[in-house]
Amino acid sequence: MSLLPRTAEEFSSADYWERFFRKRGEKAFEWYGDYNSLCGVLHKYIKPRDKVLVVGCGNSELSEQLYDVGYHQLTNIDISETVVSHMNQRNAERRPDLTFQQLDATQTGFESGSFQAALDKGTLDAMASEEDGALAGRMLAEVGRVLAVGGRYVCVTLAQEHVIKLAVEHFAQGWAVRIHCLNGQQSEESDSSFALPVFVLVCTKFRQAPPFAVLELCQGEDGAPTRLSSVPELLSAVKERQAYNLMLHKLKGGTDASSTPSLTLCHAATGRPRYTLTVQDSLPSAKLPRSNHFAIFIVPQGRESDWLYGSAEGRTQLASSAKFRRLVIVAMHRDQEYEDMQAVQSELSPMVMELAPPGMPANQQVPFLSVGGDLGWREVIGRGVSGLTGEYSVEDVRGEDGHLYRRLIFMNNSQLVQSESRLRSAATASSTHKKKNKKKSKPSVSEAPALTGVKDRIVDRGFLCCTHHEVMVAGLAMLGMDAINNKDHPVSVLLVGLGGGGLPQFVHDFVPCSRVEVVELDPAVLEVAQTWFGFQSDERLKVILGDGLEHIKTLESEGGHSFDVIMFDVDSKDTTLGMSCPPPAFVETSLLKKVYSLLTPRGLFMLNLVCRDSALRKSVLERVQAVFPCVFSRGIEGEVNEVLLCCRSAGEGHKAQAIPQTLQQTAKDLQKTLRASTQNAPCVPQIDITAMLNDLKVI
């Protein structure tokens with residue numbers, strides 16, 4: 001490809017083009033598609049009777065092909081004497097009225113308003129890098145001068161950011177600006193093919209400037225125009241089309257299980273996100289049915305944050321289970337209306353077929369897969385803005401078990417459920433469950449709550465959605481039943497991180513006489529917990545707004561404070577770290593020592609650890625072990641989470657080499673104690689203490 005320009009500046013150099021055309025000779029080089037790929041949009045805006053100025057014609061065959069189908073008023077200009085001489089000689093006999101002139105496109109000398117159209121294929125792209133765009137600006141001004149009112153500047157371009165910005169800003173005032181995206185339709189014989197799509201910019205000259213900007217984008221040559229409100233919005237839409245086509249180019253090149261590109265499809269009228277598509281290919285070694293090339297999986301509304309759909313590991317497992325070479329996983333967005341599964345399929349079909357894997361037969365049937373055959377259900381019941389974390393949404397969704405759940409989602413990380421609680425009907429809140437509920441087990445139809453009004457849905461305070469919260473509650477068994485049942489010295493808990501308040505509320509409601517102190521940094525989180533998650537503070541359950549780190553330092557320096565249990569359940573806002581929970585400062589040795597000193601002799605430190613970096617995890621464990629003589633770990637199945645249970649004392653029953661022999665019996669006793677507390681609680685605790693401690697490991 002030595003004939004391709006090495007730089008944008010060389011692309012626009014007259015000397016370069018002299019050398020280029022001398023070397024090319026007779027062979028035409030169709031930069032951005034030939035007549036067959038462009039004729040649809042060209043015939044739409046340029047009529048055979050129009051006087052047309054072809055700017056920077058080069059030795060392209062486009063003018064010759066237009067002439068042959070009836071366009072006989074073409075005036076071709078180019079800066080290269082060589083190409084003009086060559087083209088005149090080539091067409092002297094067959095096309096005597098097709099003229100080529102050596103002229104500078106910035107000062108042609110033609111009369112003002114003497115052309116009905118100006119055609120430019122790649123010339124703007126070539127000139128835009130000269131003189132910081134000033135040269136192209138002068139060319140556009142000259143084109144505007146020689147065009148009559150109602151005349152059109154039709155420019156075939158790759159729409160590099162600086163190029164399209166220059167042209168759109170030039171014509172945005174007083175002209176109608178429309179851009180067609182043609183998806184890069186180069187022929188196979190072309191010397192060069194581009195992954196980026198080809199655009200056709202059409203600018204129409206008005207006699208009088210309209211009171212508002214006319215800015216439109218069309219998909220394909222016949223696509224309906226979408227009106228954009230501003231130049232930046234139009235330029236952003238162009239960039240999105242380029243990114244989409246680049247992704248298509250990669251996807252058509254082959255399958256790659258390690259690459260999971262995604263894109264967002266927006267509503268054409270509003271521009272708001274409607275679908276997010278993630279492409280998941282199966283591993284090359286996967287054994288798949290020969291006919292299973294491609295499938296589309298519709299994620300139920302409200303379930304996009306589930307591990308199976310919201311994590312890379314989960315999507316890999318989903319694709320493996322589906323057994324297709326390529327699976328496109330589709331998530332629906334909040335604040336959008338979806339009629340039914342058939343309507344979603346009809347809406348998506350034209351777009352998703354472009355994502356098919358290479359080699360798929362042309363008439364292959366592509367199935368749409370889903371869970372249960374419906375779209376799921378979601379209702380956004382609250383919104384707000386946190387001064388620390390930004391916008392958030394509180395929404396009720398139907399889970400895979402048929403129950404309703406309430407979730408807190410921060411919009412800056414919408415794939416992560418910040419807090420979750422199960423709901424029940426307020427009308428039946430006084431009734432108790434007669435049979436033991438297995439965590440998120442599938443209920444019968446009669447047990448699954450009906451879709452009621454938001455006022456009739458209340459949080460089930462006896463059900464903990466997060467397994468790591470259940471493990472933390474179960475970990476209280478390590479205190480011993482004497483401590484838990486001691487009304488003279490009730491269990492004292494310090495928890496850093498409130499969330500929806502489910503964990504501290506559960507301890508308050510079901511652990512007799514317990515006293516819980518929660519430290520929460522974000523006032524908005526406390527407001528959400530109280531408004532939407534049924535959190536109620538009193539003299540035994542208090543919330544302190546502030547920095548958990550500073551609070552622990554203050555307590556330790558003041559002296560006289562001690563807790564039976566200190567829990568860290570706080571996430572990190574820095575997504576670049578290999579540890580999303582807790583923030584690194586919470587596991588520094590100096591702070592761990594302060595935690596140790598704040599514990600009673602029987603005390604426990606509980607840490608929710610979410611660390612994907614094995615080296616970082618090892619470092620954290622080493623620091624924890626250096627401070628606490630006895631450390632246990634309980635992993636969470638299907639998740640990265642693990643809960644560390646760290647004993648201040650390694651006395652009797654707390655040998656570091658083994659799980660305490662009395663723990664199973666203590667777990668059963670704790671279960672009975674929690675259930676015995678239901679007479680003073682608004683609901684029944686639904687937790688299996690023994691099961692939560694079964695997989696405990698010594699670190």
Side-chain angles (χ1 to χ4, degrees), residues 32-33 37-38 40-41 44-45 120-122 124-125 128 133 136 140 152-185 194-204 210 212-251 261-279 330-336 347-355 411 414:
Y32 301 154
S37 62
L38 298 172
V41 70
K44 186 173 184 175
Y45 295 105
D120 170 351
K121 194 176 78 166
L124 175 66
D125 289 12
L140 295 176
R152 293 186 171 107
Y153 171 55
V154 181
C155 176
V156 184
T157 172
L158 288 182
Q160 291 172 279
E161 186 174 9
H162 70 287
V163 176
I164 199 67
K165 182 174 185 290
L166 186 153
V168 171
E169 289 180 345
H170 182 91
F171 290 114
Q173 299 300 320
W175 295 60
V177 177
R178 178 179 290 179
I179 301 176
H180 286 262
C181 176
L182 301 186
N183 294 326
Q185 302 174 40
F194 296 89
L196 295 177
V198 170
F199 293 86
V200 178
L201 169 69
V202 181
C203 303
T204 304
F212 52 85
V214 181
L215 305 168
E216 298 175 333
L217 181 68
C218 304
Q219 180 56 39
E221 59 187 43
D222 295 319
T226 299
R227 183 68 61 89
L228 288 308
S229 61
S230 66
V231 170
E233 191 176 342
L234 177 60
L235 298 179
S236 177
V238 168
K239 188 177 290 186
E240 288 173 2
R241 291 307 310 180
Q242 291 170 324
Y244 176 65
N245 273 71
L246 186 59
M247 188 184 79
L248 289 184
H249 182 75
K250 293 178 180 177
L251 290 174
S262 65
L263 70 148
T264 299
L265 303 182
C266 297
H267 193 281
T270 65
R272 301 187 70 174
R274 186 159 172 80
Y275 299 100
T276 293
L277 279 57
T278 303
V279 179
V330 180
M332 293 170 280
H333 281 249
R334 51 186 57 80
D335 299 327
Q336 292 284 324
E347 188 178 13
L348 286 172
S349 290
M351 182 66 76
V352 295
M353 290 307 296
E354 295 182 342
L355 306 176
M411 294 297 97
S414 60

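Keep in mind that the numbers below use all heavy atoms, side chains included, and drop hydrogens, waters and symmetry copies.
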- Task: Could you tell me which non-hydrogen atom of L234 sits nearest to which non-hydrogen atom of E216, and how far apart they are?
- Result: CD1-O, 3.9 Å
- Note on the structure: Applying side-chain contact (heavy atoms from CB on, under 4.5 Å) to Q173 and not counting sequence neighbours gives none
- Would you say the side chain of C181 lies within less than 4.5 Å of the side chain of I179, judging by non-hydrogen atoms? no
- So with a 6.0 Å cut-off around CD of Q336, is the heavy-atom count from everything else above 12? yes
- Please report the C-alpha distance between L182 and L38 in whole Å, then the side-chain angles of each, then the deciding distance to 0.1 Å, and finally whether the side-chain contact (heavy atoms from CB on, under 4.5 Å) criterion is met. CA-CA 8 Å; L182 301 186; L38 298 172; 3.8 Å; yes
- If you look at every heavy atom in L158 and D125, which pair is closest and at what distance? N-OD2, 3.0 Å
- Message: Side chains of L265 and E347, heavy atoms from C-beta outward: is any pair under 4.5 Å?
- Response: no
- Message: To check you understand the geometry: which heavy-atom pair defines the closest contact between G40 and E221, and what is its length?
- Response: CA-OE1, 3.6 Å
- Measure from the side-chain N and O atoms of D120 to the backbone N and O of Y153, and report whether any donor-acceptor pair falls under 3.5 Å. no
- Going by heavy atoms in the side chains, are V168 and V238 under 4.5 Å from each other? no
- Task: For residues H333 and T276, determine if any side-chain heavy atom of one lies less than 4.5 Å from a side-chain heavy atom of the other.
- Result: yes
- Message: Between H180 (side chain only) and F199 (backbone N and O only), is there a donor and an acceptor less than 3.5 Å apart?
- Response: no
- Message: To the closest 0.5 Å, what do you measure between CD1 (I164) and CD (E169)?
- Response: 10.5 Å
- When rounded to the nearest 0.5 Å, the distance separating CZ of R178 from OG1 of T204 is 7.5 Å
- Return the minimal non-hydrogen interatomic distance between V177 and C203, and the atom names on each side. CG2-SG, 4.3 Å
- Task: Give the minimum heavy-atom separation between F212 and R227, together with the two atoms involved.
- Result: CE1-NH1, 3.8 Å
- Nearest heavy-atom contact between Y275 and M332 is CE2-CG, 3.8 Å
- Should K44 and R152 count as side-chain neighbours, where that means a heavy-atom distance under 4.5 Å? no
